[in-house]
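Right, one structure below, let's go through it.
Numbers here simply count residues along the sequence, with the first being 1.
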Amino acid sequence: MALFIAVGLYGMEIEDRYGDNQDIFYRSRQGDIVVNHQTKQFGEIKKTWTRFYVVNKLDTIDTNDWWDDKNIEIYEVTDSESLDKSFNYSDFDTLKEEGKLELKQKLR
C-alpha cells in the first residue's frame, strides 16, 4: 500500500512541476540533446529523480527557465563515441545527416 502511495505522489510531483510538458520528462533520457530553435541554444539533458536540467557550455539551467515549447526538438545521441561535444548550433544538420543524432520529439 505504501508503494502505491509513493508512486502516486511521485507522479503528482512531476505533473505539478511540468504540467503539459510532463511527457517530455518521461520520454527524455540522460544525455539526450535538446535544441531551442528560437534562441539557437542547445544543451544536454541531465535528470534527477523529479527534475531535469539543460546543461550547455556555460551553465546548468532548469528547463522551466529555458525553453519555449513551440521551438524545441529533442535528439537521441545514436553514435556517442564519435560525437564531439564541442559542436555548435550550425552543426546540427550535419550531425543528423551523419546519423549521430536521431529526432526523438519535436515540439513546434
Does [X] reach the side chain of [Y], with side-chain heavy atoms less than 4.5 Å apart?
X     : Y     : answer
Val77 : Asp32 : no
Phe25 : Arg17 : no
Ile33 : Ile74 : no

Could you pull out all residues at least two apart from [X] that satisfy side-chain contact (heavy atoms from CB on, under 4.5 Å)?
X     : value
Gln30 : Lys46, Lys47
Leu9  : Ile5, Met12
Tyr26 : Tyr10, Ile14, Gln22
Ser90 : Asn88

- Item | Connected via hydrophobic side-chain network under 4.5 Å: Tyr53 and Phe42 |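 Looking at the clustering, Phe42 is in a separate group from Tyr53.
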Donor-acceptor pair, [X] side chain versus [Y] backbone, under 3.5 Å?
X      : Y      : result
Asp16  : Glu13  : no
Lys104 : Arg27  : yes
Thr78  : Lys100 : yes

- Report the residues that fulfil side chain to side chain donor-acceptor pair (under 3.5 Å) with Tyr75, sequence neighbours left out, ordered by chain and then residue number.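 By the side chain to side chain donor-acceptor pair (under 3.5 Å) rule, Tyr75 matches Glu73, Lys96.
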- Query: Among all residues two or more places apart in sequence or in another chain, which pass the side chain to side chain donor-acceptor pair (under 3.5 Å) test with Glu102?
  - Reply: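 Testing Glu102 for side chain to side chain donor-acceptor pair (under 3.5 Å), a comparison that skips the adjacent residues, returns none.
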- Of the non-hydrogen atoms in Ile45 and Ser28, which two are nearest, and what is the gap between them?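 Where Ile45 meets Ser28 most closely, the heavy atoms are CD1-CB, 3.7 Å.
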- Message: Checking side-chain contact (heavy atoms from CB on, under 4.5 Å) between Val34 and each of Asn56, Val55, Ile24, Val54, which is the one that passes?
- Response: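 One option only clears the test, and that one is Val54.
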